[in-house]
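Chain letters run A, B, ... following the sequence lines, proteins first, then strands; residues in each count from 1.
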Amino acid sequence: MQYNFNEIEAKWQKYWAKNQTFKAENNSKKEKFYVLDMFPYPSGAGLHVGHPLGYIASDIYARYKRHKGFNVLHPMGYDSFGLPAEQYAIQTGQHPAITTETNIKRYREQLDKIGFSFDWSREVRTSDPKYYKWTQWIFIQLFNSWYNVDVDKAEDIQSLIAVFEKVGNTKVNAVCDDDVAAFSAKEWHAFSNQKQQEILLKYRLTYLAETEVNWCPALGTVLANDEIVNGVSERGGHPVVRKKMTQWSMRITAYAQRLLDGLDKIDWPQPLKDSQTNWIGRSEGATVEFRVQNSEFGIPVFTTRPDTIFGVSFMTLAPEHQLVSKITTPEQQTKVDAYVKATAKRSERDRMADVKTITGVFTGAYAEHPFTKEPIPIWIGDYVLAGYGTGAVMSVPCGDQRDYDFAKHFNIPIPNIFEGIDISEEAFADKATTVIANSDFLNGLSYKKAVNRVIFELEKIGQGEGKINYRLRDAVFSRQRYWGEPFPVYYVDGLPQMIEAQHLPITLPEVEKYLPTETGEPPLGNATVWAWDRLKARVVSNDLIDNGNVFPLELNTMPGWAGSSQYFNRYMDPLNGDEIFSKEAINYWQDVDLYIGGSEHATGHLLYSRFWQKFMFDKGLVPKDEYAKKLINQGMITGTSAFVYREEETGNVYSKGKIGNKTVTPIHADVSMVNASDELDVEAFKKWQPEYKDAKFVLEDGKYIVGREVEKMSKSKYNVVSPDSICVEYGADSLRLYEMFLGPLEQSKPWNTAGITGTHSFLKKLWRLYFDVNGAKFNDTEPTKENLKTLHKTIKKVEEDIENFSFNTSVSTFMICVNELSAQKCTSRAILEPLAIVVSPYAPHIAEELWEQLGHTESISTAPFPIFDASYLVEDSKEYPISFNGKMRFTLELPLDLDRDGIEAAVMAHEKTQQQLEGRTPKKIIVVPGKIVNIVG
RNA sequence: GCUCGAGUGGUGGAAUUGGUAGACACGUUGGACUUAAAAUCCAAUGGCCAUUAGGCCGUGCGGGUUCAAGUCCCGCCUCGAGUACCA
């Protein structure tokens with residue numbers, strides 16, 4: 001009987017779909033286990049072999065947990081809003097929904113062929129109105145909430161209004177905009193409704209405000225910080241400029257500390273935690289208020305080194321700082337204006353590119369030192385960022401290298417305030433060895449003591465206090481795009497109003513064109529039916545806008561991360577039309593036990609989703625404030641490109657070994673035309689690239705050998721390998737095993753299709769354990785001691801490997817097991833039956849088939865995992881390595897119950913020992929029973 | 001620059017608390033079967049020396065600890081990822 005993998009795999013894929021084998025129940029006496037993959041954006045290119053790596057790993061884990069008796073939730077869906085479909089729509093006029101639908105279909109076909117145990121009845125798509133209804137709903141919840149610092153959680157906006165009505169805002173401890181003016185209860189009551197709404201907006205967790213945003217002219221949209229890489233857009237690499245715009249923002253900064261603290265209780269990779277920690281960028285220090293001489297202005301600064309306050313010799317403001325225009329003296333006005341203008345013109349990228357050039361201008365104004373009252377010149381310089389801290393620094397050149405360089409460059413004095421430190425060459429920034437001098441009441445103090453003292457003194461004179469600062473900024477939530485979630489928002493007198501939750505979803509309107517309007521409005525500005533009728537509670541034609549009953553709707557859409565920030569909870573109850581998820585569902589499933597995905601989402605999706613989860617937790621909607629207990633980043637699979645070498649002058653194409661010292665240009669050849677021995681199918685290549693039809697191919701030993709190089713897997717490098725053709729040629733089980741066999745899950749590794757014959761022939765060997773040409777071989781003979789030892793060794797190792805996510809070593813273990821059982825000519829059902837279960841998480845199709853052939857009528861998927869029995873592994877002897885001076889010379893089999901002296905005697909009596917010693921007497925004999933013998937001397 | 005991760009045969013990679021380095025595969029070479037090919041099976045395969053027996057060298061580099069180091073410590077080098085004037 002042949003191993004007909006194509007037939008077997010199709011059969012079981014059909015069976016699983018028909019029987020809904022992997023449908024998870026929300027009511028179960030079994031313990032729950034939630035295995036989640038990062039859902040993909042369905043791109044037009046389809047999947048290549050790198051994409052399913054993480055899915056295969058999580059699928060193995062999910063299947064293993066089912067064998068272990070868990071009720072496993074293992075869903076899949078699509079992050080289906082996104083730029084590529086929209087760009088395609090702009091070019092072709094094709095509605096993005098259609099493109100997306102087509103792409104999803106293709107993804108699904110590809111995924112199905114790999115044999116994943118997804119519960120497809122729970123599929124979600126972020127672009128489906130039934131799904132984004134709940135994204136809009138969460139947005140409304142955020143809008144109706146504020147952050148109460150006193151209880152350190154989000155609360156309903158009504159509780160804030162209640163406080164305002166009673167005592168005004170001076171007692172309120174909230175995370176809010178910086179520019180909120182104080183008011184009393186009386187004043188609050190006197191404010192117009194309009195004014196009250198404006199104030200509340202400054203407190204809401206999602207708010208509309210004019211902020212400086214990253215504007216990408218080429219994409220026609222704003223971008224979040226994490227969507228910008230090296231100063232250009234992550235998608236497309238277009239330049240990004242700073243621009244002031246009115247945009248929706250998310251007050252993620254309210255959660256900065258909790259996002260940081262939460263990292264301690266989740267089992268996520270350290271590098272990922274590190275990058276979130278850096279992104280949040282907590283620093284401890286103090287704010288200090290410097291008064292500007294001869295004016296009413298004060299300049300607050302943030303510093304991490306308040307202990308060096310007596311070393312301040314100048315101040316530097318960001319050129320964008322609002323005080324610049326107010327304090328600049330008439331003499332300096334022209335210079336300052338020119339500098340401000342020049343920096344505004346420079347893009348972020350330019351500013352980042354030359355960090356070395358020191359620029360700045362004196363404003364002519366002086367501040368007053370809070371303690372010495374000495375005048376301090378105020379400069380502006382573009383090394384100070386408007387967006388960090390207060391946009392101003394107290395410059396201590398002796399303690400900070402940038403301040404030092406600036407001072408040197410502009411000949412500003414550099415007072416030394418460190419005991420016994422030479423600062424003639426560079427600044428001194430080592431906190432640990434700092435002893436303060438020339439600093440009045442701080443003299444002789446260490447860094448820590450000085451910080452405490454100076455904060456105490458600052459508070460005494462009312463010019464500063466201890467403060468913790470974060471680098472994290474509020475997240476801009478508006479995109480000038482079509483293919484995203486519409487906001488459930490309309491405008492009355494320019495103020496945003498939420499549409500009531502019962503009227504959701506607000507679905508995307510039809511537009512003629514997907515580009516911004518001629519007046520520069522976002523694509524939704526092209527919609528003709530995009531106004532809100534408050535009475536009818538529905539979207540109506542723009543013609544009806546009267547600003548009395550019918551109002552304009554929001555034209556921006558939500559960013560890519562909106563839909564992915566709660567999808568993991570929606571999977572728990574995805575068809576629920578009345579709630580985002582039922583209480584029963586969330587209380588049963590609780591949180592994700594295992595989350596697998598790429599590390600590229602470290603500071604985007606994985607930070608925003610933690611933020612939303614904490615918000616949902618505050619609102620009592622979810623029981624856990626961290627949604628994923630364990631997270632694993634799968635490594636990237638790189639491609640192994642193939643090259644042919646063309647000599648430019650002659651046009652000859654040389655095999656790799658024939659290049660010699662000729663000058664050749666390497667040209668990518670499609671990897672599908674190269675075999676396992678790096679031989680190129682020359683005819684296929686000529687057919688593929690007709691320009692080489694008549695070229696002379698210089699061969700070696702009658703073959704054309706290509707050069708190989710590891711590169712990113714990409715279409716343009718012709719090294720993309722699709723899983724489809726592999727499934728046809730070798731089968732999904734071979735593919736699954738091979739992807740795991742390549743190496744540790746978290747490591748990046750090159751793909752080389754050639755190696756797949758290894759796992760494929762393993763499966764054939766496995767099959768031959770059960771069947772030969774005459775059919776079934778298995779029978780009820782008693783298993784031998786060796787059989788049982790091999791089996792239980794395998795059970796133990798595979799179990800440990802899966803628990804440790806070391807899937808590559810499991811595959812080796814299977815190979816060893818099958819090699820051993822074949823050599824033992826094992827046909828015992830008592831061995832072969834459990835073996836099928838152990839293999840099944842990795843190679844589920846063949847396992848199902850074997851299971852059925854063994855006489856079972858139910859799917860193997862919930863068969864109990866065999867129990868490891870250590871008694872089969874007990875050995876009574878050990879082959880001891882005998883080493884001399886640490887070098888292993890020979891091995892000697894000795895009983896394991898032999899004691900130290902017995903071992904020593906046996907080893908010393910051995911003739912090879914005497915040979916090695918050549919008459920010498922050993923100085924020392926190390927005997928570690930059960931391990932090793934080492935003879936020294 | 002800073003933070004994190006990684007360097008082991010021709011290739012992907014194994015190696016539990018320090019205890020037989022190179023498991024398991026790919027590739028290569030030789031052989032069996034076949035009219036032939038594919039498939040399958042058997043054998044060899046880190047380098048150098050040696051007819052054999054065996055020896056020497058070997059886990060990025062240089063030191064150290066130890067009876068014993070891929071593994072621990074110190075100092076470097078290279079590559080990859082993140083971050084980038086963060087006060």
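Residue A:Lys749 places no side-chain N or O under 4.0 Å from the OP1 or OP2 atom of B:G12. Between A:Asn819 and B:C24 there is no side-chain polar atom (N or O) within less than 4.0 angstrom of OP1 or OP2. Residue A:Gln747 places at least one side-chain N or O under 4.0 Å from the OP1 or OP2 atom of B:G13. Under 4.0 angstrom from either OP1 or OP2 of B:A84 there lies no side-chain N or O belonging to A:Asn278. Within the 4.0 Å cut-off from OP1 or OP2 of B:A87, at least one side-chain nitrogen or oxygen of A:Ser283 is found.
Counting only heavy atoms from C-beta on, A:Val393 has its side chain closest to B:A87 among B:U20, B:A87, B:G55. Closest approach to the A:Arg889 side chain among B:C56, B:C26, B:A23 is made by B:C56 (side chain taken as heavy atoms from C-beta onward). Comparing B:A68, B:A14, B:G12 against the side chain of A:Asn934 picks out B:A68 as the nearest. Proximity note for A:Leu385 (side chain, C-beta onward) versus B:C57, B:C26, B:C85: the nearest is B:C85. In the set B:C56, B:A21, B:A25, B:A25 carries the atom at the smallest distance from any side-chain atom of A:Phe741.
At a threshold of 4.0 Å, the pair A:Glu820-A:Lys789 does not count as salt-bridged, since none of the basic side-chain nitrogens sits closer than that to a carboxylate oxygen. At a threshold of 4.0 Å, the pair A:Arg900-A:Glu904 does not count as salt-bridged, since none of the basic side-chain nitrogens sits closer than that to a carboxylate oxygen.
Straight-line distance between the C1' atoms of B:C74 and B:C57: roughly 26 Å, to the nearest whole Å. Atom name P, nucleotides B:G55 and B:U65: the rounded distance is 27 Å, in whole Å. Taking the P atom of each, B:U51 and B:G13 are spaced 38 Å apart, rounded to whole Å.
The base of B:U17 sits with one of its N or O atoms less than 3.5 Å from a complementary donor or acceptor on the side chain of A:Lys931.
Applying side chain to side chain contact (heavy atoms under 4.5 Å, CB included) to A:Tyr880 and the options A:Leu898, A:Leu896, A:Thr891 leaves one that passes, A:Leu896.
Residue order along RNA chain B, read from the 5' end via each residue's closest nucleotide, puts A:Lys797 first among A:Lys797 and A:Ile935.
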